[in-house]
Structures are given as C-alpha cells and as structure tokens.
Amino acid sequence: MLDMKFVRTNIEKIRHCLINRNSSTLILDELVTLDEKRRDILKKVEDIRSLKNTNSKAVARLKAQGDEEALRQNIENGKLLNQQSEELEIQLKQLDEQYMQRLLYIPNIYDEDTPIGKDETFNPEIRRIGVPRKFDFEPKPHWEIGSELNGLDFDRGSKLSGSRFTIMKGDFARLERSLGAFMMDLHSSEHGYTEVMPPHMVLRETITATGQLPKFEEDLYNTKGDDLFLIPTSEVALVGMHRDEILELKDLPAKYCGYSPCYRREAGSYGKDVRGVIRQHQFDKVELVWHTIPERSADDLETLTSHAEKVLKLLELPYRVIRLCSGDLGFGAIRTYDIEVWLPSYNAYKEISSCSNDGDFQARRGNIRFRDKDNKLKYVHTLNGSGLAIGRTLVAIVENYQTSDGKIKVPDVLIPYMKKEYIG
RNA sequence: GGAGAAGUAGUCUAAUUGGCUAAGGCGUCGGUCUUGAAAACCGAUGGGGUUAAUAGCCCCAUGUGGGUUCGAGUCCCACCUUCUCCGCCA
C-alpha cells in the first residue's frame, strides 16, 4: 500500500508507473477523487463531533450547577447534533471503505533505475554462472526419467487430486525431502536465518498484508467454513508474523527461512508448462524473508539474492540472474531479481527463484514498524526470495545430472542426505 | 465442545453509582545542569485532518464490531484472542 500523502503529491509519477506496469490508471483517478471527497466529509464530521464534545461537557457542568432549564436545552441540542451527524457519519464510513479498496489495488512504485518494458523479453541479464553441460547422448526431459525410474507418478497424481498434481515416490520423494533439508541447513547454519515452520493456512488479513489480497483472490485456495487461505508461499507467513508489531532496532534485520508447501490455483496459466512438474498446484519451497531498515534494504536484497544463488552454486547447476523490467514486476515489488536455472528439456533458463524488495509496501499494509535511532516509528522494509523452489530444483538435478544409462548422479553436497551416489 | 477469568498506550499498571484533559511508574528521545557522564529537574512519546510548518487548532485511538445515552474504559449484545479447569483427540 502506498502512503496516501505520497499519492497526493505524486499523481503523475504513479500514473507513469502504472502504465509501465501494464496496469490500468482508472483506479488511480478514482482513488484521488475519493480521497478528496473523503477529506471534505471528514472535515464536516469532525466539526460536528467537536460541537458534540463541547455540548456534552457543558451538560456535565450545568448538571453540577443545577441549572435545570439550560440542562434540558443542552440535552436537546445534543440530540439535534446527533441527527445532523448521522447521515455524514454513514457517508464517511462508505467513503473510507471505497477509498481503501482503491488504495489496496494500487501496486508499488518501482525503483528509479528499473528497466522499462512491457513483458519478460525486456528483462536484462545481470550475470551468468556456470556453463550448461554438453551431452554426448540425447538428454531426456524429467517427466520421462521420472516415469522410467518410477519416481514421478503423474497418472495417480491426477487420479487423487486432478490436473497439475503429481505423486513423488522412492528416491524422488527422498530427493525432494533432502533438498528441503539441505537448503534449510544452509540458510540457518551458514547464512544466519531463523528457521520457521509456518502454518499453511492464514487469515484474510494476513494475506492482505503481503498483497495477494484483495486483488489476486482467484489465484488462491481458501477453506469453505473458516475463510482461511492456503499460503501460496511461506512469505505470507514470514512477513505476516510481525503484523501489528513494533520491532526493536537491535533485532533488525530479522531474517527468516521458511519451509512449506505452496498452494496456487494457477488461474490463467492454462497450456503453460503442462509437461512434468514445473507448474503444479502444490509445491515445496524454502523461502527467505527479511524485515530490515529502509537505509539498507537495497544492499540487503543483493545479499539475499546471493544466498539463493549459493544453493545453485553448491549444487553445481548453471544459472543466470535477470532483473525484472517494469511490466514483469510483481504487485508489491520495487525491485526484483529472478534466478533462472538451466533446463535441458526447455533448452533454456527457467525461473527457480524470485528475490524482491517490497520497500514499505507490505509493512504499511500489515502495520509492521520499528523505532529508529531517534525514537521515531517507521515502517520496516520487507524482502523476500525463494531459496529455492524445491520441485524445480529437483527437476534441474534430474535433467542436468542424468547419465547415458538412464540414472541420475546425486550432487556431492546431497550425498549425505541421500546416502547414495546414484538414483536408478 | 463445556464452565470460568481476563484483554488499557512501546511496556507495566490505575480510573467512584457513566461526566470535566485515560492518572501514574518504567523505557526511549530532546533539553537544563556538568570538563564529561550519572543523578536530579523540565518537555516529548500512536493515527488522521487543517497548514509553509516537526507551530497552533481539531478529530480518532482502552481486543474487534454493534447498541443504549447529550456523554461509554465503565452499561448491554455479538465476535476474536489469551489463561485456568473439564471433555475429546494425533
């Protein structure tokens, strides 16, 4: 959520930002109009409230003095004022709701140096690490290897739960579990994160804070009787943990790594990534979240990204880092780096992590503050990044580490977890 | 699920049968004093509107939402959370 005071004085800047994000500017115009109306009514409401307060105080005084006639008059006056304010109070309440509804739909303002572009083809590459392996045989896609080794069961997955659900079995299940443990170990032991196992269902307010609601409700699963939402990422929980809190400067930055399944309806992605387990309704992910101070959030994003990259370096998987252009940025992000891993089946780099600085956007929605060194209350900045998406990491290992005789070599760092050198 | 108790500001705690500015302690920040510091004393401490303004003035904020009333921390209703006890359960 943007600061309304900022919106009032930067309308054109926000308009440009919305255009470059491929967002409608209609909502901005509505917001500005509603804000003006709201403040106009607010002024009137406050004036009457002031009169009511004065009147009530007079009642108490007159009662003490025992002036019956004046007392009666004042009580009558109070009733009259109530009648006058009733209509205005209702109007104000409605305007407040309408105004907030607009404000919650405005995306964040991106960094000044953000590359402008309408889609992902405008995302510049920042760096490229490792070289894709040259195969001396025809490499197979992971869905073939997974089926042949009886590790990925697509048919039974859809029998259980419908499309985009897959059962992992045997060493594939173990690899999934090993990767999660390996990533959590790395981030908690080497990178200084606090390990978190969050709830998988959260309240509407929680997920509104991170920005998925109200605008993207159709992308979420929710429960029928309780209005709880299945988390699409543990970011929701790791950010939401500090909702309505005031953090101490000495505790910042607060760094959390969370391990959870992510549940996504993938509305609007029909026909995309239909083969294999690249795009599922449920996948495991290790997520990194920082609550930090505004002055250092830009540097912290670089650090967080390097932590995600470290996983790929240790697994010796080739990858590249790209910067998201204006049109490809997420709703709350001011700056995002995507990490893409090399997938032989795609003959391309495929997203495996997205690291973003959301500035004070989420903190404002979730009311997450800290006291700065001058004792002033300020909103924290929140950062989030996958470290990494486990299913896609599994895919990358299966495809990049396959052997000519149909096996998968286990990356060295995973051998202690897998307790074997080959799958298959 | 049942019974009972509680929820006040950054934090801890008060507030008569509804009434005048939600009192006070602690913490933190600023100031006075000091060579410096501590202590002491003074002031400040959340959100919003108005404004050139961190000046004034005003509104809101006692878990949340309603209700009664000229007026609600206080009375009434519903809900949420926490604690205690009972029941059920991996």
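Side chains included, hydrogens not; waters and symmetry mates left out as well; all remaining heavy atoms used.
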Toward the 5' end of RNA chain B, by each residue's nearest nucleotide, A/K376 or A/K43 |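 Its nearest nucleotide being more 5', the pick is A/K376.
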
Taking for each residue the nucleotide of RNA chain B with the nearest heavy atom, is it A/R371 or A/N82 whose nucleotide lies nearer the 5' end?
->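 So the residue in question is A/R371.
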
Side-chain N or O of [X] closer than 4.0 Å to phosphate OP1/OP2 of [N]:
X     : N      : answer
A/K57 : B/rC70 : no
A/N74 : B/rG71 : no
A/S50 : B/rC59 : yes
A/N53 : B/rC59 : yes
A/R8  : B/rG49 : yes
A/K79 : B/rC70 : yes

Value rounded to 0.5 Å, distance of CG in A/D360 from NE2 in A/H381 =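 Reported to 0.5 Å precision, the distance equals 4.5 Å.
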
Quick one: pull up CE in A/M183 and CG in A/L288 and give me the separation to the nearest 0.5 Å.
->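 It is 10.0 Å, given to the nearest 0.5 Å.
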
Considering only NZ, NE, NH1 and NH2 on the basic side and carboxylate oxygens on the acidic side, decide whether A/K44 and A/E89 come within less than 4.0 Å.
->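 Result for this pair is no, no salt bridge flagged.
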
Between A/D372 and A/K376, is there a salt bridge with N-O shorter than 4.0 Å?
->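 The answer is no: the pair does not qualify as a salt bridge.
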
Using both distances under 3.5 Å as the test, list the Watson-Crick or G-U wobble partner of [N], or none.
N      : result
B/rG36 : none
B/rC26 : B/rG10
B/rA61 : none
B/rC41 : B/rG31
B/rU84 : B/rA3
B/rU69 : none
B/rA55 : none

Atom pair distance, as rounded to whole Å: [atom1] in [X] and [atom2] in [N]:
X      : N      : atom1 : atom2 : answer
A/D227 : B/rC79 : CG    : P     : 17 Å
A/F370 : B/rG10 : CZ    : C1'   : 15 Å
A/I48  : B/rC70 : CD1   : C1'   : 15 Å
A/L71  : B/rU69 : CG    : P     : 16 Å
A/I41  : B/rC59 : CD1   : P     : 18 Å
A/K52  : B/rC70 : NZ    : P     : 11 Å
A/R204 : B/rC80 : CZ    : P     : 17 Å
A/L88  : B/rC60 : CG    : C1'   : 16 Å

Suppose you measure atom [atom1] in [N] against the same atom in [M]; what distance do you get, rounded to whole Å?
N      : M      : atom1 : result
B/rU13 : B/rC85 : C1'   : 27 Å
B/rA44 : B/rG24 : P     : 11 Å
B/rU84 : B/rU17 : C1'   : 32 Å
B/rU21 : B/rA9  : C1'   : 16 Å
B/rU32 : B/rG47 : P     : 27 Å
B/rC70 : B/rC12 : C1'   : 36 Å
B/rG73 : B/rU8  : P     : 15 Å
B/rU51 : B/rG46 : P     : 22 Å

So, do A/H242 and A/F370 have ring centers that fall under 6.0 Å from each other?
->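 Between A/H242 and A/F370, the centre distance exceeds or equals 6.0 Å.
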
Do A/K63 and B/rG19 share a donor-acceptor pair, side chain to base, under 3.5 Å?
->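 Side chain to base: pair present.
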
Establish, from distance only, whether the side-chain atoms of A/D171 and A/Y422 form a donor-acceptor pair under 3.5 Å.
->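 Not at all, the side chains of A/D171 and A/Y422 share no donor-acceptor pair under 3.5 Å.
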
Do A/I231 and A/I207 come within less than 4.5 Å of each other through their side chains, counting heavy atoms only?
->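 No; the side chains remain at least 4.5 Å from each other.
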
Looking at side-chain heavy atoms only, is the closest gap between A/E309 and A/V321 below 4.5 Å?
->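 Side-chain contact under 4.5 Å: yes.
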
Which nucleotide in the list [options] gets nearest to the side chain of [X]?
X      : options                : value
A/R369 : B/rG49, B/rG47, B/rG19 : B/rG47
A/S56  : B/rC60, B/rG71, B/rG10 : B/rG71
A/L377 : B/rU50, B/rC70, B/rG46 : B/rG46
A/R49  : B/rC59, B/rG10, B/rU50 : B/rC59

Identify whether any heavy atom of A/K44 sits under 4.0 Å from a base atom; if not, whether one sits that close to sugar-phosphate; answer base, sugar-phosphate or nothing.
->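 Since no nucleic acid heavy atom lies under 4.0 Å of A/K44, the category is nothing.
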
